[in-house]
Amino acid sequence: MAIVHQHGCGHVGDDVINTERALLGVATNPNVGAVVVVGLGCETIAGERLASRIEQRGQRVRFVGIQAEGGIERTVVRGREAVAGLRQQLDGLRREAQPASSFVFGIDADGPLADAVCGVAAQRGARVVRGSGAPGPGRHVELAGAGAQVIVSLRGRGQGPVGFAVCPVLAVAGDPELYRALCDDFDLDGGAVGAEAIFERAVVTFNGERTASERRDAHDFVLRRLARSM
Amino acid sequence: MSDLLGYRRANETWGVRNHVLVMPAQAAASTAAEQLAAAIPGAVAVTHQWDGDRDDRDALLVQRTLAGFCANPNVASVLIVGITDTDRALAENVASRGCETEFVALADHGGTLRAVDAARPIVASLVTNARRLRREPMPISALVLGLECGGSDALSGITANPALGIASDLLVAGGGTSILAEVPELVGAETLLAARAVTPEVGRRVIAVVHQFEQAVRALGVDVRGAQPAPGNIEGGLSTIEEKALGAAKKGGEAPVAGVLEYAQAPPATGLYIMDTPGHDIEQMVAMVAGGCQLVAFTTGRGTPTGSAIAPCLKIATNSTVFERMDGDIDLDAGAILDGRETVQSMGQRIYDTILTVATGTLTSSERRGHREFALPPQLN
């Protein structure tokens, strides 16, 4: 699967570091078995450098550069070869039993229900990461970078469910009416279930049951920035 | 009347393409928009990352950009895909600009997959209606050309940009409109541009828009190098932003500067305008297209294959090496000026002639390759 995004060029100051860290974090999330970085060649966050940093973290990675390859068609041909080679390496992998402590889940929300879900997770020995940025899909990137394999997204009033590129998102509706209107795209009605049920569903998701975001094949990728593009 | 043939729209604008666009009102509707366009041949979707936060400081700018893009004359009709009825505001904005607009909310159908099923016949019928339209003789005064450079090198200001400037002057002299943008790439050229302003007030605005950018950078307390010029610009022989800018400004030729536009604002009349956009290639392109530009002419020294879902993007190489190297991604080779096969003047005329051919229907490389890059002003954390 591909992540299409608008970032990588025209960054200044801390925004360079922040954006590169975000891309690096997503690429090295434990749900990602391998990565192909597609670069242009003249951009601020050089694809080749990003790929080498991904490799330093022990991830399988290949790089293709549009300007280095000599255009889009050649890049796609080389990129397909890279994907096929990496896919072969991953096809032999199987799920293995893991202790609860290897389960890291990210919680995209603040407030009492989020605190309660964190409390249940802590009791069961799972690790929880909580973002620092504004709650919402912009936090998914941060949570993925912190190692979360499953994201629990507690949406507010009037807010629809948002998927994410590399982690299943368990979308919990913050308003029963919206839950009914978007029942295919939400996983749970936050008004009808408590923290225990949310955590139980997160565990099931961890073990491979697909969330609504995965069933509709949502690859949403929202990256908030520290500065405007130059 | 020129030899141009275009699509006459109900709101008296003219398209050079006839697209049916599927636009998500926010990121969470991108999956549905993509699936719809993939299901109906003849429809095209863009995706974006705006998260729907109406309290975001850029929310109004984002709305103006999305609405302007949908209302571009190259779009015959548009389906806006929203999450709830709140997103209907975008559809109403587009419709108020005189464009054929449909709206579907995921929440009216239980979610993405059922909404896609429900909206499929709507998109199919928009495509059928669009295909009935025929090109008619189009006045050159209706053509708005976006001027852009991306992946500039030391030859940009010597070959492709001055030649594009000549093409822009030909268009403006013929009664058409050009947009010069990417304000960071005008730093150092502002007094030259201000001297060409049609009124002292326009001249002051040209200076002001460049100084505002410089102040914003100073306020951030950062070094703009690395972003402007970018690493590839420096590898390509450009040393400073001022050097890059003096070359970049040549795309605007020598025509009088008729006015300064805000990001995504439509030019109020014909002539050469300056739009306040970043240098980021895709943000700039989207801003110009959202301002009504139907065709982009894009020079490149390093080889940047950017294109738009709805506007043809004509690529012009600054040197023959990159033209040959970027196999089939670039339309014209202004490197021919260096070895004497062309002069700046003859290359400018060739670019202008090609712009008219493309406007009348010939596909550019970026269209054949299916480029549809899209970017909005990034939301800040």
Side-chain angles (χ1 to χ4, degrees), chain A residues 4-7 9-16 18-19 40-44 46 66-67 69-75 132-134 136-139 142 158-163 177-178 180-186 212-213 215-230, chain B residues 26-32 35 47-53 83-84 86 106-108 110-114 151 184 216-217 220-224 226-228 230-233 235-236 278-283 302-305 325-329 369 371 373-381:
Chain A
V4 178
H5 65 83
Q6 64 173 59
H7 312 284
C9 204
H11 300 273
V12 287
D14 290 347
D15 188 47
V16 181
N18 182 60
T19 306
L40 177 56
C42 53
E43 66 271 38
T44 309
I66 294 168
Q67 288 168 355
E69 291 297 337
I72 292 291
E73 282 201 348
R74 290 187 192 130
T75 303
S132 58
R139 226 189 232 186
E142 196 186 344
Q159 294 179 333
V162 187
E177 203 177 315
L178 194 59
R180 278 193 298 277
L182 284 166
C183 56
D184 293 357
D185 290 358
F186 275 117
S213 69
R215 288 196 300 272
R216 70 176 184 274
D217 205 19
H219 295 163
D220 306 322
F221 188 83
V222 176
L223 173 57
R224 289 220 171 196
R225 295 262 298 272
L226 296 182
R228 288 168 204 280
S229 308
M230 292 294 121
Chain B
Q26 47 176 295
S30 286
T31 303
Q35 289 178 3
T47 59
H48 59 81
Q49 69 153 53
W50 192 61
D51 67 11
D53 178 2
I83 306 301
T84 65
T86 315
L106 304 185
D108 287 340
T112 298
L113 300 183
R114 281 191 272 164
V217 172
L220 283 170
V222 295
D223 187 346
V224 78
Q228 290 288 5
N233 299 144
E235 261 180 58
H280 184 285
D281 293 337
I282 306 169
E283 286 181 47
R302 309 291 294 168
T304 300
R325 187 172 168 69
M326 296 293 289
D327 186 30
D329 288 336
R369 293 273 197 264
H371 283 271
E373 282 81 38
F374 190 84
L376 290 170
Q379 286 175 275
L380 303 183
N381 222 339

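All values reported here derive from a predicted model rather than from experimental measurement. Note that these values count all heavy atoms, side chains included, but never hydrogens, waters or copies made by symmetry. Each chain gets a letter, A, B and so on, in the order the sequences are listed, and its residues count up from 1.
- Both the backbone and the side chain of A/Leu223 come within contact range of chain B, judged by heavy atoms closer than 4.5 Å.
- Rounded to the nearest 0.5 angstrom, A/Ile72 CD1 and B/His371 NE2 are separated by 4.0 Å.
- For the pair B/Leu106/A/Asp185, a side-chain contact is recorded, criterion being any heavy-atom separation below 4.5 Å from C-beta on.
- Annotation for B/Ala28 and A/Pro161: closest pair CB-O, 3.5 Å, computed over non-hydrogen atoms.
- For the set B/Ala230, B/Pro184, B/Pro378, the count of heavy-atom pairs under 4.5 angstrom toward chain A peaks at B/Pro378.
- Neither the backbone nor the side chain of A/His5 comes within contact range of chain B; no heavy atom of the residue lies under 4.5 Å from a heavy atom of that chain.
- Between chain A and the residues B/Thr31, B/Val222, B/Asp53, the most heavy-atom pairs under 4.5 angstrom are made by B/Thr31.
- Within the 4.5 Å cutoff, the side chain of B/Thr84 has heavy atoms near those of the A/Leu178 side chain.
- With hydrogens and angles disregarded, no donor-acceptor distance shorter than 3.5 Å links the side chain of A/Asp220 to the backbone of B/Gln49.
- B/Pro305 and A/Leu40 get closest at one heavy-atom pair: CD-CD1, 3.5 Å.
- Interatomic distance, B/Leu380 CG to A/Arg224 CZ, rounded to the nearest 0.5 Å: 8.0 Å.
- Heavy-atom pairs under 4.5 Å with chain A were tallied for B/Gly232, B/Ala375, B/Ala107; the largest tally goes to B/Ala107.
- Ranked by heavy-atom pairs under 4.5 Å with chain A, the list B/Glu235, B/His48, B/Glu373, B/Arg369 is led by B/Arg369.
- To the nearest 0.5 Å, atoms CD1 (A/Ile66) and CG (B/Asp329) are separated by 8.0 Å.
- Residues A/Cys42 and B/Thr304 share a closest heavy-atom pair of SG-OG1, 4.2 Å.
- Across A/Cys183 and B/Arg114, no two heavy atoms sit closer than the pair SG-NH2, 3.8 Å.
- Here the CE-CD distance, from B/Met326 to A/Glu73, works out to 11.5 Å after rounding to the nearest 0.5 Å.
- Using a 4.5 Å cut-off between heavy atoms, B/Gln26 makes no contact with chain A at all.
- Only the side chain of B/Gln228 comes within contact range of chain A, with heavy atoms under 4.5 Å apart.
- Applying the ring-ring contact (aromatic ring centres under 6.0 Å, His included) rule to A/His11 yields no partners; only residues at least two apart in sequence or on another chain are considered.
- The contact between A/Arg216 and chain B is made by backbone and side chain atoms together, counting heavy-atom distances below 4.5 Å.
- When heavy atoms are compared at a cutoff of 4.5 Å, B/Asp281 does not approach chain A at all.
- Between the SG atom in A/Cys9 and the CD1 atom in B/Ile282 there is a gap of 9.0 Å [rounded to 0.5 Å].
- A pairwise comparison of heavy atoms in A/Gln6 and B/Leu376 identifies NE2-O, 2.7 Å as the closest pair.
- Nearest heavy atom pair, residue A/Gly10 against residue B/Ala227, reads C-CB, 3.7 Å.
- Residue A/Asp14 places its CG atom among 12 or fewer non-hydrogen atoms of other residues, nucleotides or ligands, all under 6.0 Å distant.
- Interatomic distance, CD of A/Gln159 versus CD1 of B/Ile83, reported as 11.0 Å (0.5 Å rounding).
- Contacts between A/Gln67 and chain B at a heavy-atom distance below 4.5 Å involve backbone atoms as well as side-chain atoms.
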